[in-house]
Peer 1: 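Sharing a structure here in structure tokens format.
Every chain is numbered from 1, with letters handed out A, B, ... down the list of sequences. These numbers come from a predicted model, not from an experiment.
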Amino acid sequence: MSMPRQNIRPHDERRDERNIARLGIISVQSRIDDTLRNWTAEFSIEGRPYRVECAAPYGRPHGIDTDLILAIQTLFIRTGCPEHNWLHTTAYELRGVAGLPDNGRTYQRLKDSLKRLWGTGFMVAEGWFDPQRGRRVWSSDSLRYIERVRHHELDREPEELPGLDPSSTLSIRLGEQLADSIRARHVQVLDGQLLYQLEQPPARALYRLLEAHRTDAGGQRRLLLEVGLQDWRLACGIQSERPEIVRRALQPAHDELRATGYLRDVQIQGRGKAQVLSYHFTEDDAPDQALVELLIGVGVSRATAVLLATEHGEAVETAVAFVRHRQAAGQVKNPGGLVVDYLRQPAKYVLPERLHSAPVDEATRKVRALQAIQVAEQQAEKAVKQERQRLAALPPAEQFSALRGSLKVLLRPLGKEAWAGLERLCLSGQLSALDVREEAARAMGRLELQSYLDDLQAQIADAAPD
DNA sequence: TTCCCTGTGAGAAGACCGGT
DNA sequence: ACCGGTCTTCTCACAGGGAA
């Protein structure tokens, strides 16, 4: 059972760690030879070398695995990137954020996908950009997308990854480096609207890959990306070495990305293995990319953000500041909508005094775009705190019933009798359900759940002599 | 079930190269 | 410059099997 949080709609932006996205671990192909369990790729994009060695006992990740890893990272960031690296969610929520249809087959695919992602381990040599030190680290390291997957069924003993169903509760522990890198803000923002428009998984995967590679070390998004076919084949995880097959695999994705306006053009020059692909991105007419990122950060789609930044220029900063101010003061149901409305009809709104600001220079603006991400995360944290306050104010019985689900998951090993005892203590107010849940969650994060449960059991036995 | 992605192979066309 | 041999790459057709 996850903490109540702002629901993510299909059109909201997705977050994605950029280092690993560049490695091409997840193939853009929709089908793949799953007998291939080990592979090594060495390639170079925009002059940056990459070397990856992978083992995937359940087959190489591909197709919807991209959607899933985006959903996992997005949800992890929304819950404030907890230090224990666990994401507690449900198969239903994950499916929704991944943009997959809600039917029986999806849950089977979700299970397969999680297994592939969890099973895939990789050694990365070179090309690891350390955001803390602001430079590339030239060492090799073993990484994993997902460290553990736990699936809890409320009334059944846990099994190893049993079949997922919509009501099941799912806990995913992100790989250490992945989580650390996300915390260090080495993330890219992907346009949910665009992801939603792209019908085929290869097109979505290619969009993610292009975004990761088009951004240079300074954070600037290039308008042209030129890649050698051989390098790009490895970056995309296309298995065939035949140049015409590689092109054929990319063709539908190129068509889709052009049709949605993300790419202006794709040119292919040369012949055979010496071919070079030139991706021409649509010129964002917005004079300043930071403004666009700022808007996306409050939930505006990329297309709309580009439009607004073009039309309104620096007023965007005031608008975003206004919405942040409103958010901090109370509830804003739809921050994206409020920003749009503010920009279109500023007369409707009264601006607080301190938000009237002088025009700022380029550097300040970039810093602010970064801050916007941090602010969004602080907002999420704040929402969690507010929810905690609301729960704390409830009478014991109501508090218990509100938390019943998550307690049941956390404390499942207690057994029926102790559970009944716990219920009595919580209902009578002798124990606070909220405290119990928080302590249990903390204990779980420190891998000390068992000793906590033992303590709790003793407490229950003392308090309720039969 | 149908659809269509992907790998394979045949044959044709092109690129490359050394010899005349 | 021309030729012939060889290797690469392209187009096309087709089959298998995973996705919807």
Side-chain angles (χ1 to χ4, degrees), chain A residues 10 24-43 54 56-72 91-92 94-120 161 163-166 195-210 226-260 262-263 265-278:
Chain A
I25 310 281
I26 304 179
S27 170
V28 305
Q29 286 184 287
S30 54
R31 293 166 198 188
I32 211 161
D33 171 16
D34 66 353
T35 58
L36 189 77
R37 299 291 153 87
N38 298 287
W39 72 96
T40 307
E42 213 172 323
F43 58 96
C54 303
Y58 294 100
R60 182 172 191 166
H62 63 280
I64 61 158
D65 299 354
T66 295
D67 301 316
L68 220 52
I69 201 68
L70 286 182
I72 290 168
Y92 180 82
L94 195 59
R95 172 212 61 80
V97 178
L100 301 171
D102 186 10
N103 60 45
R105 196 178 289 122
T106 295
Y107 292 95
Q108 182 56 44
R109 294 174 70 202
L110 203 69
K111 178 189 162 191
D112 293 343
S113 177
L114 280 174
K115 215 155 87 171
R116 277 194 299 271
L117 288 169
W118 165 73
T120 303
L161 274 186
L164 302 180
D165 68 78
L195 284 167
Y196 183 73
Q197 279 174 14
L198 297 169
E199 289 182 10
Q200 294 303 314
R204 294 195 291 272
L206 193 63
Y207 162 53
R208 173 186 183 226
L209 198 64
L210 284 167
E226 282 182 317
V227 291
L229 186 81
Q230 287 294 81
D231 288 320
W232 198 233
R233 166 181 95 78
L234 293 166
C236 292
I238 294 170
Q239 292 183 315
S240 173
E241 289 181 29
R242 284 171 54 169
E244 73 276 15
I245 303 298
V246 176
R247 260 190 4 223
R248 192 178 66 179
L250 290 170
Q251 188 63 49
H254 289 168
D255 292 345
E256 251 200 283
L257 288 169
R258 251 198 305 243
T260 55
Y262 174 70
L263 288 176
D265 196 15
V266 184
Q267 287 167 347
I268 301 176
Q269 283 159 337
R271 199 180 124 81
K273 293 195 163 99
Q275 285 172 110
V276 173
L277 288 85
S278 306

Peer 1: Kindly check if the number of other-residue, nucleotide or ligand heavy atoms within 6.0 Å of CD (A/Q251) is above 12?
Peer 2: yes
Peer 1: So which nucleotide from B/dT8, C/dC10, B/dC5 ends up closest to the side chain of A/R248?
Peer 2: B/dT8
Peer 1: Counting any heavy atom closer than 4.0 Å, what does A/E199 reach on the DNA or RNA strands: base, sugar-phosphate only, or nothing?
Peer 2: nothing
Peer 1: Side chain of A/E244 only, heavy atoms from C-beta on: which candidate in C/dA20, C/dT11, B/dT6 is closest?
Peer 2: C/dT11
Peer 1: Taking atom CZ of A/R60 and atom CH2 of A/W39, what is their separation to the nearest 0.5 Å?
Peer 2: 4.5 Å
Peer 1: Quick one: which of B/dT8, B/dA13, B/dC5 gets closest to the side chain of A/R271?
Peer 2: B/dA13
Peer 1: Nearest heavy atom decides the nucleotide; on that basis, is A/G270 or A/Q200 closer to the 5' end of DNA chain C?
Peer 2: A/G270
Peer 1: Hey, does the side chain of A/S30 come within less than 4.0 Å of B/dT6's phosphate (OP1/OP2), counting only N and O?
Peer 2: yes
Peer 1: Nearest-Å distance, CD (A/Q251) to P (C/dT11)?
Peer 2: 11 Å
Peer 1: Keeping the roles fixed (side chain from A/R37, backbone from A/Y58), state whether a donor-acceptor pair exists under 3.5 Å.
Peer 2: no
Peer 1: Could you state the atom-to-atom distance from CG of A/N103 to P of C/dA19 in whole Å?
Peer 2: 14 Å
Peer 1: Starting from the 5' end of DNA chain B, give me the residue, A/P252 or A/R242, whose nearest nucleotide shows up first.
Peer 2: A/P252
Peer 1: How many Å lie between CG on A/D67 and C1' on C/dA19, as a whole number?
Peer 2: 14 Å
Peer 1: Among C/dC10, B/dC5, C/dA19, which nucleotide sits nearest the side chain of A/H62?
Peer 2: C/dA19
Peer 1: Verify the contact: side-chain N or O of A/Q29 to OP1 or OP2 of B/dG7, cut-off strictly under 4.0 Å; return yes or no.
Peer 2: yes
Peer 1: Output the rounded distance in Å from CD1 (A/I32) to P (B/dT6).
Peer 2: 9 Å
Peer 1: Measure the spacing between CD1 of A/I69 and CD1 of A/I72 and express it to the nearest 0.5 Å.
Peer 2: 4.5 Å
Peer 1: Return the value, rounded to whole Å, for the distance between atom CD1 of A/I64 and atom P of C/dG18.
Peer 2: 15 Å
Peer 1: Respond yes when some side-chain nitrogen or oxygen of A/R247 is under 4.0 Å from OP1 or OP2 of C/dT9, and no when none is.
Peer 2: no
Peer 1: With respect to the side chain of A/R109, which nucleotide from B/dG7, C/dC10, C/dA20 is positioned closest?
Peer 2: C/dA20
Peer 1: Given C/dA19, C/dA20, C/dA13, which nucleotide is nearest the side-chain atoms of A/R105?
Peer 2: C/dA20
Peer 1: Using whole Å, what does the distance between atom C1' of nucleotide B/dC5 and atom CG of A/D33 come to?
Peer 2: 13 Å
Peer 1: Nearest whole Å is fine: how far is C/dC10 C1' from A/I268 CD1?
Peer 2: 13 Å
Peer 1: Return no unless some side-chain N or O of A/Q239 is found under 4.0 Å from OP1 or OP2 of B/dG7.
Peer 2: yes
Peer 1: Using a cut-off of strictly less than 4.0 Å, decide whether A/K273 has a side-chain nitrogen or oxygen near OP1 or OP2 of C/dT9.
Peer 2: yes
Peer 1: Between the base of B/dG7 and the side chain of A/R31, is there any donor-acceptor pair under 3.5 Å?
Peer 2: no
Peer 1: Is the shortest distance from a Lys or Arg side-chain nitrogen in A/D255 or A/R258 to a carboxylate oxygen in the other one below 4.0 Å?
Peer 2: yes
Peer 1: Looking only at atom types and distance, does a side-chain atom of A/E256 sit under 3.5 Å from a main-chain N or O of A/Q200, one as donor and one as acceptor?
Peer 2: yes
Peer 1: B/dT6 P sits how many Å from A/L36 CG, rounded?
Peer 2: 15 Å
